[in-house]
Amino acid sequence: MHTSISEILKEKTLKPSRRSLPCLAQNQIHPQSLSHVLSMPCTPDDKPQTPVGLGSDAVMDHYGEESEAVKFHYGEESEAVKDNYGEESEASAYKAGRTDESFLIQKPAIRAKLEARADSLQPSGLMFRDGKKRIDYILVYRKSSPLVEKRVTFERNLRAEGLMLEKVPSLTDTDILFVKIHVPWDTLCKYAEQMNIRMPFRKKMYFTDWKSKVMGRQIKSWLPSNPMKLDKEALPDLEETDCYTAPFSRARMHHFTINNRQTFFSNSTRSRIVHHVLQRTKYEDGKSKMGINRLLGNGTYEAAFPPHEGGYRSRHPINTHGAQNHRHLLYERWARWGMWYKYQPLDLIRRYFGEKIGLYFAWLGWYTGMLIPAALVGLFVFLYGLLTMDTSQVSKEICEANTTIMCPMCEQNCKPWKLSDSCVYAKVTHLFDNGGTVFFAIFMAIWATVFLEFWKRRRAELTYDWDLIDWEEEEENLRPQFEAKYSRLERVNHISGKPEPFQPFTDKLSRLMISVSGIFFMISLVLTAVFAVVVFRLIAMEKFASIDWEFVKKNWQFATSGTGVCINFMIIMSLNVVYEKVAYLLTNLEHPRTESEWENSFALKMFLFQFVNLNSSTFYIAFFLGRFAGRPGKYNKLFNRWRLEECHPSGCLIDLCLQMGVIMVLKQIWNNFMELGYPLLQNWWSRRKMKQTESKERTGGGQNVENKVQLPQWDKDWNLQPMNAHGLVDEYLEMVLQFGFITIFVAAFPLAPLLALLNNVIEIRLDAYKFVTQWRRPMPARATDIGIWHGILEGIGVLSVITNAFVIAITSDYIPRFVYAFKYGPCVDKRYRQDECLRGYMNSSLSVFDMGERWNVSEEQSRYCRYRDYRASPWSPVPYDFTLQFWHVLAARLAFIIVFEHLVFGVKSFIAYLIPDMPKSLCDRMRREKYLTQEMMYEAELEHLQEEKKKNGRRYHHEWP
């Protein structure tokens with residue numbers, strides 16, 4: 001027995017969610033111009049569905065003559081219903097959500113007025129020639145293409161699938177033809193059912209405690225407004241009705257709220273349906289001869305894309321005249337540089353570009369917001385080092401060491417030098433190697449965990465609000481290439497119970513082994529490039545240390561590191577071009593089963609390649625530079641020719657800091673140029689060629705080409721740049737590599753989060769401007785999360801704990817200073833004060849070498865020089881042997897690594913345990929909504945059966961699962 005819905009809903013309901021999917025007024029836009037542009041009249045081939053409770057003749061009259069009036073009425077009434085709800089139960093809300101005769105306006109004068117205004121505001125380039133059928137997709141081909149037969153067959157099969165096509169020539173290029181595609185209502189319904197697209201069927205209305213609501217409004221009115229929030233009056237498009245949704249079914253179409261067939265399926269949904277058909281339509285006989293991707297690859301078509309909804313600029317201000325279309329609204333409220341401090345309109349982004357791109361911008365915004373506390377703490381650590389730079393005991397000892405003679409940096413043409421010559425180098429080192437380093441490393445490890453855990457909660461809320469729950473299991477389709485390759489091998493899918501192609505294990509394993517071999521080969525190529533940079537640094541160090549230019553000779557450390565970093569950056573950017581092509585080939589060789597598997601495999605390869613390419617030299621400087629150099633008189637040499645590089649007496653951390661800072665800044669500048677500057681240049685060149693063609697035709701007496709402003713939308717979109725072929729992989733990859741930079745070696749460069757924050761504030765608007773103005777509209781795809789990138793981020797978080805422990809223990813001088821202060825300093829067994837206890841540290845960390853015999857030192861010069869190490873003096877019983885202090889420092893370093901890792905991993909695990917992946921309130925809402933949906937569908941079916949019984953005058957048998 002099913003309990004009555006009215007009895008169930010007497011208890012207090014939960015907090016409502018806000019769905020972006022339209023319900024009673026699909027795609028309802030409040031600005032007048034935008035509302036009428038997107039409300040198209042029904043086409044002749046579109047036959048409305050009969051609503052429950054109306055006769056067929058009456059319904060045809062209502063839908064045929066009053067569709068615009070109905071929409072107008074709902075636009076005014078929905079807010080009134082919401083406000084007057086008060087303490088009504090959800091049972092009455094269920095009845096109010098149904099289409100009824102009382103909701104229909106029967107005033108032909110209103111309808112005629114609305115249609116006249118809509119006709120006057122319809123944008124050029126969004127309709128067929130008849131002015132009724134909207135364009136859902138655009139195909140582009142050249143008349144001179146020899147592959148005519150494939151194109152003709154493909155288009156004939158598209159018509160057989162139910163699509164409507166119309167061809168029109170380009171106004172800017174006589175060789176270009178556009179194929180406009182429209183999806184009729186019946187075809188939309190058929191494929192919406194096949195693709196399990198969830199559509200609204202009942203309005204959500206919840207019980208609201210009016211007392212708490214009034215008190216909440218009063219408290220908010222007392223608080224100052226948040227300047228970062230978007231003004232709801234400026235974005236009325238975000239005010240949408242909350243709905244229950246269910247997979248679309250033609251057999252149960254009477255359950256769904258269909259007020260306007262032209263807006264029931266959103267533009268992004270219509271484009272997805274067309275793309276689904278294009279991917280599975282054959283162009284030749286044969287299993288593998290199918291899909292628009294293959295036709296684009298062999299040159300049959302030049303491009304395939306959904307059209308933009310019009311121009312993004314208007315001669316009239318949006319505040320007074322409203323938005324012309326969604327693209328114009330996105331530009332004014334999101335992509336303009338003046339909106340850099342505002343929150344992003346995620347619902348509007350999702351509606352226009354799809355859930356996948358919406359999730360990317362949601363993640364990017366969340367990541368940028370979480371960078372604010374990390375940037376502030378890193379800035380405080382840097383300022384602490386800046387304020388204590390002149391008072392640092394180690395820096396003062398180096399700057400005052402006028403009598404301390406250091407050993408020559410090379411064995412030919414190099415002379416001993418004074419330790420005080422590196423005073424500036426020592427002070428700069430203290431900026432990044434000070435007492436706040438350990439604290440900041442622990443903070444960033446915890447920050448990474450908090451960021452990922454709270455993103456899981458944010459993602460759960462977005463997937464619920466955007467109706468993406470359980471989407472992956474229901475709607476993930478096979479790639480056409482996979483179906484074509486393994487069409488002869490089928491087995492039953494354990495979930496759907498239907499036969500589908502499958503890849504044998506032996507074939508999959510062999511392809512995977514080839515792919516892994518290719519990955520290791522490319523990684524070995526990266527290591528070879530790093531080895532070449534190391535050799536260059538050794539040669540440059542010897543040349544700079546023996547050069548006659550006194551300025552360079554005095555600052556040979558900076559000169560060696562700076563030139564090495566710049567050359568390394570050029571190698572990195574050059575190899576990235578090769579890696580992208582290799583990763584693409586290896587991924588296609590594997591034949592992934594679904595699009596998400598293909599994208600995850602490609603993303604993993606790109607990350608491995610670029611991560612190793614970007615960080616291999618950084619790992620060398622952090623953990624190998626100066627560790628195997630040897631000592632004076634017994635230096636280790638590469639190829640018995642070049643002496644291995646040594647660290648400065650104040651430590652190696654400044655080399656690591658310089659490496660990270662230069663690469664991070666240069667890479668961000670280069671990426672921003674390639675993302676925006678390059679498309680701008682390409683679009684400028686396209687416009688320039690169009691103007692040249694126009695001027696030639698005018699001078700030749702030909703017919704003038706229409707102005708850019710008067711071009712139809714498909715011509716304008718054709719002149720834009722296509723979105724990257726790999727989708728959002730490059731966008732995510734850039735941010736994930738940045739995440740690695742600010743976590744893995746953050747102990748050496750506390751300003752990294754601040755640089756990342758400044759870059760991301762610009763990056764959001766750059767990407768927004770690029771998507772809205774410079775790129776063709778991408779295919780609106782769906783996704784439930786950020787894919788494999790979340791796992792990569794978690795792996796980086798674990799790696800960052802390990803690397804920061806080693807950086808603090810091995811690369812920095814924190815542990816040697818700590819050991820000296822507590823074991824060998826002047827205040828042993830006394831209260832620890834860093835400035836007092838580090839007196840004499842510099843002298844303690846330098847060993848003595850007798851260079852009298854080897855360098856033929858004259859009697860006027862001292863025959864002894866100093867070098868950085870813990871070794872015995874030349875006059876000791878065992879010359880140049882490691883001292884006891886060396887072993888104490890080594891033991892302290894190992895102990896610090898173990899304690900640091902266990903402590904930070906324990907804190908990370910505890911925080912991850914405390915923060916659930918999904919808010920409890922959201923879990924309760926989901927469970928309750930699932931239950932209420934079943935009850936509503938059950939009662940709706942019972943009501944439909946009773947009406948059928950009354951209509952037919954006989955008993956109507958129908959099985960309801």
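Being a predicted model, the structure only gives us computed values, none of them experimental. The figures here come from the full heavy-atom set of this structure, side chains too, leaving out hydrogens, waters and symmetry mates.
Proximity of F482 to P501: side-chain heavy atoms (C-beta onward) are separated by under 4.5 Å at one or more points. Contact annotation: the side chain of T773 never approaches that of H308 to less than 4.5 Å [non-hydrogen atoms, C-beta and beyond]. Two residues are said to be in side-chain contact when any heavy atoms from C-beta on lie closer than 4.5 Å; I762 and W337 meet this criterion. Using a 4.5 Å heavy-atom threshold, the side chains of I786 and L793 count as touching. Looking at M735 and N760, their side chains come closer than 4.5 Å, going by heavy atoms from C-beta outward. V612 is not listed as a side-chain neighbour of F607, based on a closest heavy-atom distance of 4.5 Å or more. Within the 4.5 Å cutoff, the side chain of L589 has no heavy atoms near those of the S515 side chain. Residues H276 and M195 have side chains in contact (heavy-atom distance under 4.5 Å, counting atoms from C-beta outward).
Distance check, rounded to the nearest 0.5 Å: CE of M723 to CD of Q774 gives 14.5 Å. Here M444 contributes atom CE and I742 contributes atom CD1; the two are 4.5 Å apart, rounded to the nearest 0.5 Å. With rounding to the nearest 0.5 Å, the separation of CE in M339 from CZ in R333 is 6.0 Å. Residue Q503 holds its CD atom at 10.0 Å from CG of L509, rounded to the nearest 0.5 Å. In this structure, CE in M606 is found 5.5 Å from CG in D730, a value given to the nearest 0.5 Å. The CZ atom of R280 sits 10.0 Å away from atom OH of Y191, with the distance rounded to the nearest 0.5 Å.
Looking only at atom types and distance, the side chain of Y913 has no donor-acceptor partner in the side chain of E453 under 3.5 Å away. Side chain to side chain, N600 and W789 fail the donor-acceptor criterion of an N or O pair below 3.5 Å. Using modelled atom types and a 3.5 Å distance limit, the side chains of H326 and Y312 yield no donor-acceptor pair. Checking T269 against S266 by side-chain atom types alone, a donor-acceptor pair falls below 3.5 Å.
Between the side chain of T463 and the backbone N or O of A460, at least one donor-acceptor pair lies under 3.5 Å. Side-chain atoms of S800 come within 3.5 Å of backbone N or O of G797 as a donor-acceptor pair. Under the 3.5 Å distance criterion, the side-chain polar atoms of T587 are matched with a main-chain donor or acceptor of A583. No side-chain donor-acceptor contact under 3.5 Å links D136 to the backbone of R270. R459 places no side-chain N or O within 3.5 Å of a backbone atom of D917 that could act as its donor or acceptor partner. Panel note: side chain R777, backbone P307; a donor-acceptor pair is recorded below 3.5 Å. Under the 3.5 Å distance criterion, the side-chain polar atoms of T803 are matched with a main-chain donor or acceptor of I744. When atom types are taken as modelled, the side chain of R765 and the backbone of W334 share a donor-acceptor pair closer than 3.5 angstrom. Between the side chain of N615 and the backbone N or O of F611 there is at least one donor-acceptor pair closer than 3.5 Å. A donor-acceptor distance shorter than 3.5 angstrom exists from the side chain of N804 to the backbone of A747, with no hydrogens or angles considered.
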Check: Would E461 and K456 satisfy salt bridge (charged side-chain N to carboxylate O under 4.0 Å, His left out), going step by step from the backbone distance to the final call?
Finding: CA-CA 9 Å; E461 293 175 352; K456 293 178 184 177; over 6 Å; no
Margin query: Please evaluate residues N588 and W598 with respect to the criterion side-chain contact (heavy atoms from CB on, under 4.5 Å), reporting the C-alpha separation (whole Å), side-chain torsions for both, the decisive distance (0.1 Å), and the verdict.
Written below: CA-CA 8 Å; N588 285 334; W598 186 97; 2.9 Å; yes
Note to self: Apply side-chain contact (heavy atoms from CB on, under 4.5 Å) to residues H591 and K508 and explain how you reach the verdict.
What the structure shows: CA-CA 8 Å; H591 285 295; K508 185 175 183 178; over 6 Å; no
Notebook entry, point to check: When you look at L359 and W466, which way does the side-chain contact (heavy atoms from CB on, under 4.5 Å) test go after all the steps?
Noted result: CA-CA 10 Å; L359 274 176; W466 293 352; 4.1 Å; yes
Next item on the list: Check the pair E580, Q610 against side-chain contact (heavy atoms from CB on, under 4.5 Å), reporting the backbone distance first and the verdict last.
Entry: CA-CA 9 Å; E580 182 175 347; Q610 295 207 19; 6.0 Å; no
Next item on the list: Would you sort out whether Y352 and N267 count as a side-chain hydrogen bond (donor to acceptor under 3.5 Å, both in side chains), showing the intermediate values?
Entry: CA-CA 8 Å; Y352 193 80; N267 289 341; over 6 Å; no
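Salt bridge status for D767 with K770: present, with a side-chain N to carboxylate O gap under 4.0 Å. In this structure, E590 does not pair ionically with R511, as no charged nitrogen and carboxylate oxygen lie closer than 4.0 Å. Taking the charged nitrogens against the carboxylate oxygens, K908 and E901 have no contact shorter than 4.0 Å, which rules out a salt bridge. Salt bridge absent: E309 and R327 never bring a charged side-chain N and a carboxylate O closer than 4.0 Å. With respect to the salt-bridge test (charged N to carboxylate O, under 4.0 angstrom), the residues K356 and E599 qualify.
Taking the six-membered ring for Trp and the full ring otherwise, the centers of F739 and F451 sit less than 6.0 Å from each other. The six-membered or imidazole ring of W775 lies near that of F771, with a centre-to-centre distance under 6.0 Å. A centroid separation of less than 6.0 Å is found between the aromatic rings of W363 and Y732.
Dense packing is recorded around CZ of F619, with more than 12 heavy atoms of other residues, nucleotides or ligands lying under 6.0 Å away.
Looking at every heavy atom in both residues, A362 comes nearest to L462 through CB-CD1, 3.4 Å. The nearest pair of heavy atoms linking I788 to A603 is CG2-CB, 3.9 Å. In terms of heavy atoms, P778 sits closest to I357 at CG-CD1, 3.5 Å. For the residue pair F440 and P750, the shortest heavy atom distance occurs at CE2-CA, 3.5 Å. In terms of heavy-atom proximity, V801 sits nearest to A445 at CG2-CB, 3.9 Å. Closest approach of S616 to N613, counting heavy atoms only: OG-O, 3.9 Å.
Ring planes of Y579 and F609: tilted class, angle from 30 to 60°. The aromatic rings of Y331 and Y769 sit tilted, their planes meeting at an angle between 30° and 60°. Ring planes of F248 and F265: perpendicular class, angle over 60° (limits at 30 and 60°).
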